[in-house]
Amino acid sequence: MTMKGPSSPVSCRSNNGAKRLLWSLIGACLVVAVIGYKPVVIVHGLFDSSWEFGELLRFINESHPGTNVSVIDLFDRSASLMPLWKQVEGFKEAIYPIMQNAADGVHFICYSQGGLICRGILSTLPDHNVHSFISLSSPQAGQYGDTDYLKYIFPEFMKSNLFHFCYTAVGQRISICNYWKDPHHTDMYINGSDYLALLNSERQNPNSTVWKKNFLRIKKLVLIGGPDDGVITPWQSSQFGFYDKNETVVEMKEQDLYLRDLFGLKTLDARGDMFLCSVAGVEHVKWHSNDTVFNSCIVKWLV
Ligand SMILES: *[C@@H]1O[C@H](CO)[C@@H](O)[C@H](O)[C@H]1NC(C)=O
Ligand SMILES: *[C@@H]1O[C@H](CO)[C@@H](O)[C@H](O)[C@H]1NC(C)=O
Ligand SMILES: *[C@@H]1O[C@H](CO)[C@@H](O)[C@H](O)[C@H]1NC(C)=O
Ligand SMILES: *[C@@H]1O[C@H](CO)[C@@H](O)[C@H](O)[C@H]1NC(C)=O
Ligand SMILES: *[C@@H]1O[C@H](CO)[C@@H](O)[C@H](O)[C@H]1NC(C)=O
Ligand SMILES: *[C@@H]1O[C@H](CO)[C@@H](O)[C@H](O)[C@H]1NC(C)=O
């Protein structure tokens with residue numbers, strides 16, 4: 001028997017194969033009962049805070065009682081405008097101990113801008129143990145739209161001229177500029193974006209290889225979004241689709257970053273570990289409080 005050995009947790013002295021099998025099964029059952037559901041870490045988005053996730057906590061508690069859920073309370077509200085690398089460092093520090101406490105790994109649910117912060121963590125943390133990375137309406141391929149948020153943050157700009165500001169050193173000190181992607185000024189984006197263009201390896205950088213390797217430690221990538229979001233523009237950015245220079249949306253599988261597998265998307269897809277979930281009729285601020293979204297796109301990945 002190859003399983004025999006002093007270090008095997010389910011080995012027993014008996015040479016009786018059936019008895020040994022029984023003990024293995026009991027052992028396995030105990031492990032499941034003791035460990036239960038993996039802890040869940042939630043990272044919020046632009047202008048919100050850990051307080052907005054009451055419904056999501058309730059959905060998780062009802063479907064998977066006993067799950068330890070941590071909503072990270074950092075960079076709330078206007079502090080969410082701070083540069084994303086800075087936020088990555090802060091969230092990482094808060095989340096790392098949770099990972100270390102979780103021998104069996106954790107799940108991430110990362111909402112809106114939080115989805116980009118989570119990618120920053122996953123790419124730069126070589127020993128993370130994230131199983132499901134659930135990206136909930138997050139501008140993964142960038143943002144380009146005249147939304148209310150834009151008018152509020154940059155009243156003097158429109159989408160067509162924000163590149164003048166965003167792709168400067170001063171602009172990059174504001175989170176939204178870190179993932180602003182003007183399809184008419186791609187060269188400036190690639191040179192000027194200190195966050196998304198690096199994370200995507202659209203700008204060559206010495207960390208690309210190791211970041212890709214780190215990112216690929218996740219077991220599942222779940223990309224949730226929908227056409228009635230109203231904030232993420234184009235909405236397909238939540239699933240790595242984006243505008244070409246005519247502002248026609250090109251889906252993920254035709255994007256250069258997928259085709260060249262710049263940071264691991266194509267590998268994840270080939271592994272069978274990438275899942276897209278689109279739901280119509282959900283506004284941006286409703287993604288985490290809508291039970292249809294939870295039941296059809298989220299719950300099955302929280303095991
Ligand atoms: C989880 O649900 C149980 C009953 O279903 C309730 O007693 C408990 O307070 C809930 N916990 C949280 C954190 O919501
Ligand atoms: C939940 O997880 C946190 C972070 O790992 C830990 O400090 C806390 O004790 C856990 N709570 C329970 C009830 O297990
Ligand atoms: C590229 O970005 C750097 C640093 O922000 C800037 O100094 C330089 O002028 C930019 N180059 C071009 C061609 O835009
Ligand atoms: C690569 O990573 C190191 C350590 O995390 C960091 O100091 C450096 O700035 C990164 N390089 C780039 C180009 O981002
Ligand atoms: C963009 O539109 C122009 C003019 O309609 C067209 O000639 C060109 O092929 C389009 N480019 C792309 C990438 O679709
Ligand atoms: C959740 O979204 C679905 C799909 O658009 C919609 O039919 C439903 O009314 C929404 N539920 C709530 C509670 O808003």
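One-based numbering, in listed order, for ligands and for the atoms of each.
Atoms of ligand 1 found under 4.0 Å from any heavy atom of Asn61 (numbered from 1 in listed order, with element): 1 (C), 2 (O), 3 (C), 8 (C), 10 (C), 11 (N), 12 (C), 14 (O). Residue contact check: Gly281 has heavy atoms under 4.0 Å from atoms 5 (O) of ligand 6.
What sits closest to atom 13 (C) of ligand 6 on the protein, heavy atoms only, is Asp291 OD1, 4.2 Å. Protein heavy atom closest to atom 9 (O) of ligand 3, with residue, atom name and distance, is Asn191 ND2, 4.7 Å. The protein heavy atom nearest to atom 4 (C) of ligand 6 is Ala280 O, 3.4 Å. If you check which protein heavy atom lies closest to atom 7 (O) of ligand 6, you get Thr292 OG1, 4.9 Å.
Of the listed residues (Val279, Asn290, Asp228), the one carrying the non-hydrogen atom nearest atom 8 (C) of ligand 6 is Asn290.
Thr124 contributes a side-chain N or O that, together with a main-chain N or O of Gly120, makes up a donor-acceptor pair within less than 3.5 Å. Without hydrogens or angle criteria, Tyr149 side chain to Leu46 main chain gives no donor-acceptor distance under 3.5 Å. With Arg203 contributing its side chain and Ala197 its backbone, the two residues share no donor-acceptor pair below 3.5 Å. Between the side chain of His288 and the backbone N or O of Leu56, no donor-acceptor pair lies under 3.5 Å.
No side-chain heavy atom of Phe242 sits under 4.5 Å from any side-chain heavy atom of Val249.
Counting only heavy atoms, the protein gets under 4.0 Å from atom 11 (N) of ligand 3. The presence of a protein heavy atom under 4.0 Å from atom 2 (O) of ligand 6 is confirmed.
Tested against His184, the residues Glu247, Lys159, Lys245 include a single side chain to side chain donor-acceptor pair (under 3.5 Å) partner, Glu247.
Ionic pairing of Asp269 and Lys253 is present here: one or more N-O contacts between side-chain nitrogen and carboxylate oxygen are shorter than 4.0 angstrom.
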